Amino acid sequence: MERTVPAVEAISVKSEYLMNALGELGEWLMKAGLRLLVAVLLVFIGLKLIKKVRKGMGRSMERAGMEITLRKFLDALLYAVLLGLLVFVAAEEMGIQSTSLVAVVGSVTLATSLAMQNTLANFAGGVLILFFKPFKVGDYISSANGEGTVETIGLVYTILYTVENKMIVIPNNSLANSALVNTSSMKTKRLVLTVGISYDSDLSHAKEVLRDIFERHPAVRNEDGILVVVDSLGESSVNLSARGWTSTEDYWQARWDILEEIKLRFDREGIEIPYNQLRVHVNGKQ
């Protein structure tokens with residue numbers, strides 16, 4: 001009996017310790033479960049709210065007339081920001097320190113930024129292009145990197161198609177930080193042609209013919225005025241400048257038609273268009 005009592009007491013102590021441990025574990029599990037439940041509810045409600053906010057923002061941007069690429073970018077940015085806030089709130093509810101989470105996210109962001117400097121620069125250039133709209137899809141632009149019709153404005157690259165139907169892919173950073181010419185931004189465009197005639201030709205008659213050619217072409221806007229002047233006196237020609245307005249879409253066809261008509265009419269009217277000639281005189285002895 002003397003040996004049994006200490007053994008019973010030891011078992012009793014162990015049982016009490018086990019019960020306390022199980023009680024603490026159960027309490028912790030209940031608290032953790034409650035926190036998890038609250039976090040899940042927050043995420044569920046938060047996702048519903050984010051969806052409504054994105055839908056309202058999308059309608060506002062559509063009414064404002066923003067381009068589809070810019071709308072998608074802003075929608076993705078809004079979603080990322082709101083989702084990040086929701087993750088931080090849920091993490092706080094779960095007992096995760098937000099400072100540790102911020103440190104991890106900051107480290108990953110810094111490493112990614114250093115590894116993708118050029119891509120991020122092109123991304124920033126794409127955002128600037130979409131916001132300030134120096135050109136849009138369908139415009140014909142010319143830059144140091146090439147020229148052509150804009151097919152796609154992406155967040156990193158802009159795609160052009162040349163008149164030969166070749167594709168040019170230009171980084172947005174280059175377009176956003178260099179001069180470019182947008183020949184399609186205006187509805188009308190001035191057609192300027194310079195033609196040289198010989199000094200022996202009738203100057204007044206040549207000017208009348210040029211004016212008549214411009215006035216007769218259907219794409220030239222006579223109501224906007226047509227100007228024919230002597231532009232310069234060259235070494236071997238009198239250079240005339242003829243100017244008229246056309247719609248932007250008719251510009252090239254009008255230019256080609258008028259150039260051809262100038263050559264045909266000048267030939268018929270006896271107006272000489274001088275060109276460089278080489279004359280060789282050979283003096284021979286008999």
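This structure is a prediction, so every number in the text was calculated from the model and none was measured.
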message: Go through it in stages, so that I can follow the logic: the residues are Asp257 and His217, the test is side-chain contact (heavy atoms from CB on, under 4.5 Å), and I'd like the CA-CA distance, side-chain angles, deciding distance and then a yes or no.
response: CA-CA 8 Å; Asp257 293 344; His217 197 281; 3.1 Å; yes

- request: Decide yes or no on side-chain contact (heavy atoms from CB on, under 4.5 Å) for Asn145 and Ile168, but give the supporting numbers first.
  value: CA-CA 9 Å; Asn145 299 283; Ile168 303 177; 5.9 Å; no

Evaluation steps, side-chain contact (heavy atoms from CB on, under 4.5 Å), between Thr183 and Ile141: CA-CA 6 Å; Thr183 61; Ile141 65 172; over 6 Å; no

task: Assess whether side-chain contact (heavy atoms from CB on, under 4.5 Å) is satisfied between Arg243 and Leu191, documenting all intermediate values.
output: CA-CA 6 Å; Arg243 306 178 181 189; Leu191 175 60; over 6 Å; no

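Taking CD of Glu269 as the start and OG of Ser201 as the end, the distance is 11.5 Å to the nearest 0.5 Å. Interatomic distance, Ile50 CD1 to Leu78 CG, rounded to the nearest 0.5 Å: 8.5 Å. Taking CZ from Phe135 and OG from Ser185, the interatomic distance works out to 12.0 Å, rounded to the nearest 0.5 Å. To the nearest 0.5 Å, atoms NZ (Lys51) and CG (Leu82) are separated by 15.0 Å. Distance check, rounded to the nearest 0.5 Å: CZ of Phe44 to CG of Leu86 gives 12.5 Å.
A donor-acceptor pair under 3.5 Å is absent between the side-chain atoms of Thr152 and the main chain of Ile159, judged by distance alone.
Residues Ala254 and Ala219 share a closest heavy-atom pair of CB-CB, 4.0 Å. Here the shortest heavy-atom pairing between Arg190 and Tyr251 reads O-CE1, 3.7 Å. What you find for Gly138 and Thr149 is that their closest heavy atoms are O-CG2, 3.7 Å. Between Arg265 and Val209, the shortest heavy-atom distance links the atoms NH2-CG1, 3.8 Å. Residues Pro274 and Ser236 share a closest heavy-atom pair of CG-O, 3.5 Å. Nearest approach of Asn239 to Gly234, heavy atoms of both residues: ND2-N, 4.0 Å.
Contact of the Asn177 side chain with the Leu128 side chain is not registered, since no non-hydrogen atoms from C-beta on lie closer than 4.5 Å. Residues Leu160 and Glu147 fail the side-chain proximity criterion, which asks for heavy atoms closer than 4.5 Å. Looking at heavy atoms from C-beta onward, Val192 lies in side-chain contact with Ser241 at the 4.5 angstrom threshold. Under the 4.5 Å side-chain criterion, counting only non-hydrogen atoms from C-beta, Val220 is not in contact with Trp245. Using a 4.5 Å heavy-atom cutoff, the side chains of Tyr161 and Lys166 are not in contact. Two residues are said to be in side-chain contact when any heavy atoms from C-beta on lie closer than 4.5 Å; Ile153 and Val150 meet this criterion. For the pair Leu210 and Phe266, the minimum side-chain heavy-atom distance is below 4.5 Å.
Each of Ile197, Asp200, Asp231 was scored for a side chain to side chain contact (heavy atoms under 4.5 Å, CB included) with Val238, with one residue passing: Ile197. Partner Tyr140 forms a side chain to side chain contact (heavy atoms under 4.5 Å, CB included) with one of Val181, Val163, Thr248, Thr162 and no other, that one being Val163.
Between the side chains of Thr158 and Asn172, at least one donor N or O lies within less than 3.5 Å of an accepting N or O. Remark: the Asn182 side chain and the Asp139 side chain contain an N/O donor-acceptor pair separated by less than 3.5 Å.
Val137 and Phe131 fall within a single hydrophobic cluster, where Ile, Leu, Val, Met, Phe, Trp and Tyr side chains are chained together by heavy-atom contacts under 4.5 Å. Clustering ILVMFWY residues whenever any of their side-chain heavy atoms sit less than 4.5 angstrom apart, transitively, puts Val230 in the very cluster that holds Val195. A chain of hydrophobic side-chain contacts below 4.5 Å, direct or via other Ile, Leu, Val, Met, Phe, Trp or Tyr residues, connects Ile271 to Leu259. Under the 4.5 Å side-chain heavy-atom criterion for ILVMFWY residues, a single connected hydrophobic cluster contains both Ile273 and Leu233. Cluster membership for Leu175 and Phe132, using ILVMFWY side-chain heavy atoms within less than 4.5 angstrom, is shared.
A 6.0 Å sphere centred on CE of Met57 holds no more than 12 heavy atoms belonging to other residues, nucleotides or ligands. Under a cut-off of 6.0 angstrom, the local environment of CZ in Arg216 is sparse, with at most 12 non-hydrogen atoms contributed by other residues, nucleotides or ligands. Around the CD atom of Glu235, the shell of radius 6.0 Å holds no more than 12 heavy atoms that belong to other residues, nucleotides or ligands. No more than 12 heavy-atom neighbours from other residues, nucleotides or ligands sit within 6.0 angstrom of CD on Glu260.
Looking at Arg268 and Glu261, a side-chain N of the basic residue comes within less than 4.0 Å of a carboxylate O on the acidic one, giving a salt bridge. For Lys189 and Asp250, the salt-bridge test fails: no basic side-chain N is under 4.0 Å from an acidic carboxylate O.
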